[in-house]
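Every heavy atom of this structure was used, including side-chain atoms; hydrogens, water molecules and symmetry mates were not.
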Amino acid sequence: MMVLPGYSADELEKQYNIRLARPDLDSAVIPDWTRRSAEFRARAKGSIDLAYGERPRERLDFFPAGDNDPVLVFFHGGYWQRFDKSVFSFIAAPFVQNGVSVAVVNYDLCPSVRMSDIPPQTRRAVGWIWRNAAELGFSRERVFVSGNSAGGHITAMVMATHWREEAGGGLPADLVKGGIPISGLFELEPLRHTSINKGLGMDASEAASQSPINVPPATDAPQLVVCGADESAEFHRQSDRYAHIFTTPARRMERYTVPGRDHLTVADELADESTVLFEKALKLVGS
């Protein structure tokens, strides 16, 4: 039975279920990231578990670089259902080394919340970071956002935020100066036809309203839209479509494919200051 054009149920599952392609996710990848992250936190002058809200997971880790430096706000992946900011501290290491402060953000996970609860929560996190720039020690005129997988989706939703309408007021329309969605999910309808939706419980309406392809960026801030060369065809299609739809003469949406990297190892590329991806990310954040 075909569930979406061109795909049977089994084929679509293979496109999106990362565990099928990388069965070593929990046995090798996550332990390695966790170890590297712990080592970085041990030597970094970071502030851990800063509260940006009242809920238990409304916490972030902040790693400073300098008072007038930019900040990169990073949202972790896990299909909105798994993982913790502590696994992803390693992402911050090369950025701090190169003069970019980094905030790694936690958010509530499904099924304890709805998918539609997560973007408002992550917007509050970014607003809190901006409002506390002086205390944290970075330039609030240079706020950038990034994330991998589900974090790529969150990044795109943050880029679509109309900041002057956010609760609390006082936020500038151009609060976020650029975004780097990595291996993002910009069209959620396909996920409804996979096992991933068991924990999300999305219906067609929620999938549509929470799809970045249906929520245009709120400003002309540039974006670097990234995908690994070894990712599935659907992840490439999603990144290609997102970048294509929202590119305008005023809004630069650079689409970059990382050679030899898959859905997991593309994060390692971002954390390596010798790579083209890191060079591109640093150029965007430094612009």
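Rounding to the nearest 0.5 Å gives a distance of 10.0 Å between NE2 of H153 and CD of Q238. Within the model, atoms CE of M159 and CZ of F144 stand 9.0 Å from one another, a figure rounded to the nearest 0.5 Å. The OG1 atom of T155 sits 11.0 Å away from the CG atom of L224 when rounded to the nearest 0.5 Å. Taking CD from E279 and CG from L284, the interatomic distance works out to 12.5 Å, rounded to the nearest 0.5 Å. Atoms OG1 and CG, on T275 and D268 in that order, are 10.0 Å from each other to the nearest 0.5 Å. Rounding to the nearest 0.5 Å gives a distance of 11.0 Å between CG of L109 and CE of M115.
Under the rule for a salt bridge (charged side-chain N to carboxylate O under 4.0 Å, His left out), E13 has no partner lying at least two apart in sequence or in another chain. In this view, R131 satisfies the side-chain hydrogen bond (donor to acceptor under 3.5 Å, both in side chains) rule with no residue, not counting sequence neighbours. Listed by chain and number, the residues in a ring-ring contact (aromatic ring centres under 6.0 Å, His included) with F95 are F278 (sequence neighbours excluded). For Y52, there are no ring-ring contact (aromatic ring centres under 6.0 Å, His included) partners two or more places apart in sequence or in a different chain. For D69, there are no salt bridge (charged side-chain N to carboxylate O under 4.0 Å, His left out) partners at least two apart in sequence or on another chain.
Aromatic pair H76/Y107: ring centres closer than 6.0 Å.
Between I213 and R241, the closest heavy-atom pair is CD1-NH1, 3.2 Å. Among all heavy-atom pairs drawn from S239 and G184, the shortest one is OG-N, 4.4 Å. Closest non-hydrogen pair, A229 versus G260, comes out as CB-N, 3.8 Å. When every heavy atom of F83 is checked against every heavy atom of G77, the shortest pair comes out as CD1-O, 3.5 Å. Listed here is the closest heavy atom pair of A221 and R251: O-CG, 3.7 Å. Shortest non-hydrogen contact noted between R255 and A243 is CB-CB, 4.2 Å.
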Hey, can you pull the donor-acceptor pairs under 3.5 Å for the side chains in residues 160-170, sequence neighbours left out?
from	atom 1	to	atom 2	distance (Å)
T161	OG1	M157	O	3.3
T161	OG1	V158	O	2.9
E166	OE2	R123	NE	3.3

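For S27 and D24, the side-chain atoms include no donor-acceptor pair closer than 3.5 Å. Using modelled atom types and a 3.5 Å distance limit, the side chains of S205 and D203 yield no donor-acceptor pair.
With hydrophobic clusters built from ILVMFWY side chains whose heavy atoms lie under 4.5 angstrom apart, Y16 shares a cluster with V29. Both I182 and V276 are assigned to one and the same hydrophobic cluster, defined by single-linkage of ILVMFWY side chains at heavy-atom distances under 4.5 Å. Both V87 and L25 belong to a single network of hydrophobic side chains, linked directly or stepwise wherever heavy atoms of I, L, V, M, F, W or Y lie under 4.5 Å apart. Under the 4.5 Å side-chain heavy-atom criterion for ILVMFWY residues, a single connected hydrophobic cluster contains both L188 and V113. When the side chains of ILVMFWY residues are joined at heavy-atom separations under 4.5 Å, either directly or via intervening members, I48 and V71 end up in a single hydrophobic cluster.
Considering only heavy atoms from C-beta on, I91 stays 4.5 Å or farther from V104 through its side chain. Side-chain contact between D84 and N106 is present, with at least one heavy-atom pair separated by less than 4.5 Å. Annotation: side chain of T34 is not in contact with side chain of S86 (no heavy-atom distance under 4.5 Å). Using a 4.5 Å heavy-atom threshold, the side chains of R142 and N68 count as separate. Within the 4.5 Å cutoff, the side chain of W128 has no heavy atoms near those of the E58 side chain. Contact of the E273 side chain with the L282 side chain is not registered, since no non-hydrogen atoms from C-beta on lie closer than 4.5 Å. Using a 4.5 Å heavy-atom cutoff, the side chains of Q15 and P190 are not in contact. Between Q121 and R55 the shortest side-chain heavy-atom distance falls below 4.5 Å.
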Open item on the list: Show, in sequence, the C-alpha distance, side-chain angles and deciding distance for T194 and N17, and conclude whether the side-chain contact (heavy atoms from CB on, under 4.5 Å) test is met.
Closed with: CA-CA 8 Å; T194 72; N17 191 329; over 6 Å; no
TODO: Kindly indicate, with the supporting measurements, whether the criterion side-chain contact (heavy atoms from CB on, under 4.5 Å) is fulfilled by L200 and R192.
DONE: CA-CA 9 Å; L200 302 176; R192 291 205 313 116; over 6 Å; no
- [ ] Given side-chain contact (heavy atoms from CB on, under 4.5 Å), test Y7 with E234 step by step and report yes or no.
- [x] CA-CA 10 Å; Y7 291 106; E234 274 292 280; 3.6 Å; yes
TODO: Could you walk me through whether W80 and L191 pass the side-chain contact (heavy atoms from CB on, under 4.5 Å) test, one step at a time?
DONE: CA-CA 12 Å; W80 310 275; L191 297 182; 3.6 Å; yes
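Formation of a donor-acceptor pair under 3.5 Å by the R114 side chain with backbone atoms of C110 is not found in this model.
Ring geometry, F62 versus F138: the interplanar angle falls from 30° to 60°, so the pair is classed tilted. Between H263 and F235, the two ring planes are tilted [angle within 30° to 60°].
Salt-bridge formation is not detected for the pair E39/R36: no Lys NZ or Arg NE/NH1/NH2 atom is positioned less than 4.0 Å from an Asp or Glu carboxylate oxygen. Ionic pairing of K14 and E11 is not present here: no N-O contact between side-chain nitrogen and carboxylate oxygen is shorter than 4.0 angstrom. Using a 4.0 Å cut-off between a side-chain N of Lys or Arg and a carboxylate O of Asp or Glu, D240 and R237 do not qualify as a salt bridge.
Of the candidates F74, F40, W33, F90 forms a ring pair (Phe, Tyr, Trp, His ring centres under 6.0 Å) with just one, namely W33.
Counting non-hydrogen atoms of other residues, nucleotides and ligands closer than 6.0 Å to CD of Q97 gives a total of 12 or fewer. For CG of D220, the number of neighbouring non-hydrogen atoms (other residues, nucleotides, ligands) closer than 6.0 Å is greater than 12.
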